Amino acid sequence: MKTFLKVSLIIVLSLTVVAASLFITYIVITKDAKLNKNKLLNPNQNIVIIDDEGNEVISASVSNKHKSVKIEDLNKNCINAFIASEDRNFFKHNGLNYKRMFKALYKNIIYGSFKEGASTISQQLIKNTHLSQDKTIKRKLNEIKLTKQLEREYSKNEILEMYLNTIYFGHNCYGLQSAAEFYFDKKAEDLNLTESATLVGLLTSPNNYSPFKNPEKSLKKRNTVLEAMLNCGFIDKYEYEKAKSLPLNAKKQQTTGKNADYISAVFNELEELDINVYDLADGCIIKTYLNSNLQNTVENLSFECDNSVIVTSSNGGVNAYKSTISGAKRQPASTVKPIFVYAPAMEERILSPFTRILDEKVNFNGYSPENFDKKYHGYVTVTESLKNSYNVPAVKTLNSLTMKTAEKYLTRMNVSLEDDEKNLSLALGGMKHGMSLKDIADRYSIFQNGGIYSPSRFIKEIQSKNGKTIYKEQTSQNRVFSEGVCSLMNETLLQTSESGTAKKLSSLPYDIAAKTGTCGTDEGNTDAYAISYTSEHCVCVWLGDKNNKKLNITGGGNCCGYVKYIYQNLYTKYLPKNLDVTSGITQIEIDAEEYYTNNKIIIADELSPKLNKLSVKVLSGNEPKEISSRFSCPSIQNPTFSAKNGEIIIELCQTKYYSYLIKRYKNDKFEVVYDGKWIKTIKDHPNEGNYIYTVTPYFSNDENRIYGKEIPLPPISINNDNSSPQVKIPDIAEKDWFNL
């Protein structure tokens with residue numbers, strides 16, 4: 001018994017010492033943590049945005065934008081949506097949920113990291129207004145102390161009201177009132193059940209669950225919040241099912257004023273960065289790539305339909321941006337042909353810009369692509385196919401490339417496909433969700449930057465108001481294509497602006513690579529594009545209707561007109577350098593006759609005349625191995641040989657550049673029957689006797705003759721009775737087969 005008492009006493013004393021040590025540690029660590037009422041009631045984040053020259057564009061003051069709501073003005077469903085999702089025991093605990101805290105502590109010990117949190121609404125308010133977002137023991141202890149102070153100083157309704165007025169909902173919306181106006185264009189007190197649930201769903205990740213960016217994810221998250229309300233008894237089964245069946249009715253408030261679209265894009269990008277918006281509590285300066293003069297040019301363009309314009313620079317910054325559809329994704333039409341089809345095919349050594357593809361009516365298991373002009377054009381080169389935007393060659397190329405190989409390159413440029421998008425219509429821009437204009441511009445910049453994919457950015461740097469760097473742009477780079485493929489694509493797309501669908505740009509005095517695209521039917525078009533780039537900038541324009549109304553618009557016409565105007569205002573003081581069309585490629589000369597007649601690509605004979613040499617560029621290492629012997633060893637098909645009434649008729653196959661030497665042999669002697677350029681028929685009238693005729697093709701190189709193989713024709717016999725000449729029967733036919 002005494003031993004048990006001793007052990008018990010030691011355990012009690014040990015626990016007391018541990019508890020005292022922990023308490024003292026808690027006191028020491030949290031001694032400087034004090035509740036600041038001003039931070040709770042008067043948030044004062046002041047965000048200053050400046051352009052690429054350091055000029056202030058706008059001061060987006062959160063305190064000015066901040067509009068408080070009163071808890072008594074909100075309907076019960078709105079309040080309950082936050083309680084059910086964020087802290088269903090809010091009105092029962094004293095600010096700390098010890099059960100959840102110990103459960104989270106256990107899981108963190110198991111995982112060996114701070115994966116789990118257990119924050120109540122009170123703790124979230126403290127963390128967002130007083131502390132950093134660092135997951136450390138010190139921050140957690142300070143959070144606990146300040147939360148207990150908060151609960152002593154304020155009522156539950158006051159805490160909830162402060163929480164709703166400071167929480168961040170994305171798109172630079174701090175507080176419920178700002179969010180209600182931005183997402184639904186109404187006051188917070190007028191929010192209904194589904195709208196409230198949608199806003200609550202944003203809190204976990206405003207960027208991922210935005211109804212404007214990811215409506216499907218937003219809808220799913222909204223319904224999760226509704227289910228939580230059902231489980232808490234805040235709504236019944238009927239209300240839940242009815243609300244769940246309703247669509248999202250988010251209605252974005254249209255921003256107006258100078259630089260409005262660019263600034264909106266800046267805040268969208270801000271949410272995607274690996275920083276926490278609450279760390280900007282004391283205000284910050286956002287440095288951007290905005291070129292104010294160029295932005296002014298873009299904003300002053302006159303449009304008669306929905307539109308998007310983006311101008312990026314070769315350093316990856318967005319210099320100007322305007323969009324009436326807020327960067328929504330649209331069907332990219334033919335703009336994907338170079339990036340999804342032809343460039344990957346060149347990289348795989350399947351083709352080169354001069355490769356000829358038969359443009360014909362085809363059927364791929366029920367899929368029969370047509371060209372925009374409803375015609376087929378026979379053999380066309382890749383360059384011709386691109387500059388004229390023919391559809392059939394693009395689909396044929398993707399079929400040869402295979403979807404699996406194409407997807408390999410799409411992954412490198414951060415384009416993901418769903419299973420039902422993995423078909424040949426992808427070659428013509430057939431996508432389920434489409435691409436934004438910025439997405440397309442970023443993929444074309446791969447050619448401009450020698451094969452490197454690096455998405456463009458609006459934000460260059462973020463500094464606190466005291467000059468501390470909070471964020472500095474870090475370029476992510478991924479090689480997609482080789483420099484050689486980019487050189488070939490640059491030269492190919494130059495042809496589009498010189499004489500193809502983007503020829504409206506041909507009068508500009510510098511290199512512009514371009515591709516147009518139009519999506520629609522005979523009744524009109526819903527999307528039109530002009531994608532272009534120089535060595536220094538990428539200028540892209542989209543025109544269309546956000547509700548898919550059919551319009552009389554085209555990429556080569558309307559869109560190129562705007563692109564041209566932007567370039568004319570962009571390069572007023574200097575001209576950009578030429579695009580790179582030489583790196584990683586080799587210039588070779590191929591046999592033109594083989595190329596045009598037999599669709600074969602082989603190296604031209606050294607003795608070939610200039611007219612039979614076609615100079616082309618290929619990817620270095622992809623030069624053809626076969627060398628033509630057309631002139632170093634002339635060869636022809638066997639001539640046609642016939643005889644009638646003492647007349648010998650030799651018909652020669654037609655060839656370019658060759659001459660012919662025709663001999664008539666009798667015994668061991670011969671006479672030249674013909675020596676000269678090709679003519680179709682050679683006739684001869686020999687005396688009686690037995691003869692052998694031979695035909696030798698040759699090529700005259702200056703004063704030298706290069707002879708090919710002498711071709712003997714069947715022996716022939718001329719009789720003296722004026723009967724028809726007889727071709728001599730071969731010896732084997734005269735043998736006595738019965739006596740062998």
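Starting from 1, each residue takes its place in the sequence as its number. These numbers come from a predicted model, not from an experiment. Values reported hereafter were calculated over all heavy atoms of this structure, with side chains retained and with hydrogens, waters and symmetry mates removed.
Taking OG of Ser313 as the reference point, atom CG of Asn291 lies at 9.5 Å (rounded to 0.5 Å). Here CG of Leu543 is found 4.5 Å from SG of Cys305. Values are rounded to the nearest 0.5 Å. Once rounded to the nearest 0.5 Å, the distance linking CG of Asn319 with CG of Asn293 reads 11.5 Å. In this structure, CD on Glu216 lies 10.0 Å from CG on Leu248, to the nearest 0.5 angstrom. Expressed to the nearest 0.5 Å, how far NZ of Lys549 lies from CG of Asn525 amounts to 14.0 Å. The distance from atom OH of Tyr321 to atom CG of Asn259, rounded to the nearest 0.5 Å, is 13.5 Å.
A heavy-atom distance below 4.5 Å is found between the side chains of Ile459 and Leu273. Contact of the Val309 side chain with the Phe303 side chain is registered, since non-hydrogen atoms from C-beta on lie closer than 4.5 Å. With contacts defined as side-chain heavy-atom distances shorter than 4.5 Å, the pair Ser218/Thr198 qualifies. Between Thr469 and Ile462 the shortest side-chain heavy-atom distance does not fall below 4.5 Å. Counting heavy atoms from C-beta on, the side chains of Ser476 and Pro455 come closer than 4.5 Å. Using a 4.5 Å heavy-atom threshold, the side chains of Asn548 and Arg330 count as touching. Looking at Leu191 and Leu176, their side chains come closer than 4.5 Å, going by heavy atoms from C-beta outward. Ile566 has its side chain within reach of Leu294: a pair of non-hydrogen atoms, C-beta onward, lies under 4.5 Å apart.
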Residue pair Lys432, Glu418: steps toward the salt bridge (Lys or Arg N to Asp or Glu O under 4.0 Å) verdict: CA-CA 8 Å; Lys432 185 175 180 179; Glu418 295 186 13; 3.0 Å; yes

Asn77 and Phe234: CA distance, side-chain angles, deciding distance, side-chain contact (heavy atoms from CB on, under 4.5 Å) verdict: CA-CA 8 Å; Asn77 277 332; Phe234 293 139; 5.6 Å; no

Full working for salt bridge (Lys or Arg N to Asp or Glu O under 4.0 Å) between Lys186 and Glu195: CA-CA 10 Å; Lys186 59 170 57 176; Glu195 292 165 347; 2.9 Å; yes

Glu272 and Lys213: CA distance, side-chain angles, deciding distance, salt bridge (Lys or Arg N to Asp or Glu O under 4.0 Å) verdict: CA-CA 12 Å; Glu272 296 173 358; Lys213 288 185 176 181; 3.7 Å; yes

Chi angles and distances behind the side-chain contact (heavy atoms from CB on, under 4.5 Å) call for Leu290, Ser292: CA-CA 6 Å; Leu290 175 66; Ser292 293; 4.1 Å; yes

Intermediate values then yes/no, side-chain contact (heavy atoms from CB on, under 4.5 Å), Arg457 and Thr475: CA-CA 9 Å; Arg457 288 92 52 206; Thr475 304; 3.5 Å; yes

Test side-chain contact (heavy atoms from CB on, under 4.5 Å) applied to Ile470 and Ser464, step by step: CA-CA 6 Å; Ile470 299 174; Ser464 65; 4.0 Å; yes

From CA spacing to verdict: salt bridge (Lys or Arg N to Asp or Glu O under 4.0 Å), Glu473, Lys460: CA-CA 5 Å; Glu473 174 265 313; Lys460 187 185 300 182; over 6 Å; no

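Between the side chain of Glu158 and the main chain of Ser155, a donor-acceptor pair closer than 3.5 Å is present. Judged by distance alone, with hydrogens and angles left aside, the side-chain atoms of Tyr183 form no donor-acceptor pair with the main-chain N or O of Phe212 at under 3.5 Å. Side chain of Ser85 to main chain of Val225: no donor-acceptor pair is present (N/O by atom type, distance under 3.5 Å, no hydrogens or angles). The backbone N or O of Asn268 lies less than 3.5 Å from no partner atom in the side chain of Glu271, so there is not a single donor-acceptor pair. Put simply, the side chain of Asp185 never gets that close to the backbone of Lys251: no donor and acceptor are under 3.5 Å apart. Remark: side-chain polar atoms of Gln463 are not paired, donor with acceptor, to backbone N or O of Lys468 under 3.5 angstrom. Using a distance-only test at 3.5 Å, with no hydrogens or angles considered, a donor-acceptor pair links the side chain of Thr129 to the main chain of Leu125. Asn214 places a side-chain N or O within donor-acceptor distance of the main-chain N or O of Asn208, the cut-off being under 3.5 Å. A donor-acceptor pair is defined here as one N or O able to donate and one able to accept, closer than 3.5 Å; no such pair exists between the side chain of Asn89 and the backbone of Lys92. Between the side chain of Asn165 and the backbone N or O of Glu161, at least one donor-acceptor pair lies under 3.5 Å.
Under the 3.5 Å distance criterion, with hydrogens and angles disregarded, a donor-acceptor pair is assigned to the side chains of Asp442 and Ser456. Checked by atom type, the side-chain pair Ser210/His171 shows a donor-acceptor distance below 3.5 Å. There is a side-chain donor-acceptor pair under 3.5 Å between Asp527 and Trp542. With 3.5 Å as the limit, one finds a donor-acceptor pair spanning the side chains of Asn307 and Lys322. Using a 3.5 Å distance cut-off with no hydrogens or angles, the side chains of Asn192 and Thr194 do pair a donor with an acceptor. In this model, a donor atom of one side chain and an acceptor atom of the other lie less than 3.5 Å apart for Glu181 and Gln177.
Results of the side-chain contact (heavy atoms from CB on, under 4.5 Å) test with Met162 over Ile167, Leu150, Asn157 single out Leu150 as the only residue that passes. Remark: of the listed residues Phe267, Phe458, Tyr289, Phe458 is the sole one forming a ring pair (Phe, Tyr, Trp, His ring centres under 6.0 Å) with Tyr262.
The two residues Thr288 and Val266 come nearest to each other via the heavy atoms CG2-CG2, 4.0 Å. Considering all non-hydrogen atoms of both residues, Ser119 and Lys127 come closest at OG-NZ, 4.2 Å. Contact between Ser178 and Cys173 at its shortest, heavy atoms only, is O-SG, 3.8 Å. Here the shortest heavy-atom pairing between Leu226 and Ala243 reads CD1-CB, 3.8 Å. For Cys519 against Gln331, the heavy-atom pair with the smallest separation is SG-CB, 4.1 Å. Met435 and Arg443 get closest at one heavy-atom pair: CE-CD, 4.3 Å.
Taking a 6.0 Å sphere around NZ of Lys242, one finds it holds 12 or fewer heavy atoms contributed by other residues, nucleotides or ligands. For NZ of Lys220, the number of neighbouring non-hydrogen atoms (other residues, nucleotides, ligands) closer than 6.0 Å is 12 at most. No more than 12 heavy atoms of other residues, nucleotides or ligands shown are found within 6.0 angstrom of CD on Glu304.
Annotation: cation-pi pair Lys156/Phe90 present, NZ/CZ under 6.0 Å from the ring centroid and within 45° of its normal.
Between Phe169 and Phe182, the ring center distance fails the sub-6.0 Å criterion. The six-membered or imidazole ring of Tyr174 lies near that of Tyr168, with a centre-to-centre distance under 6.0 Å.
Residues Lys472 and Glu461 are paired through a salt bridge, judged by an N-O separation under 4.0 Å between the basic side chain and the carboxylate.
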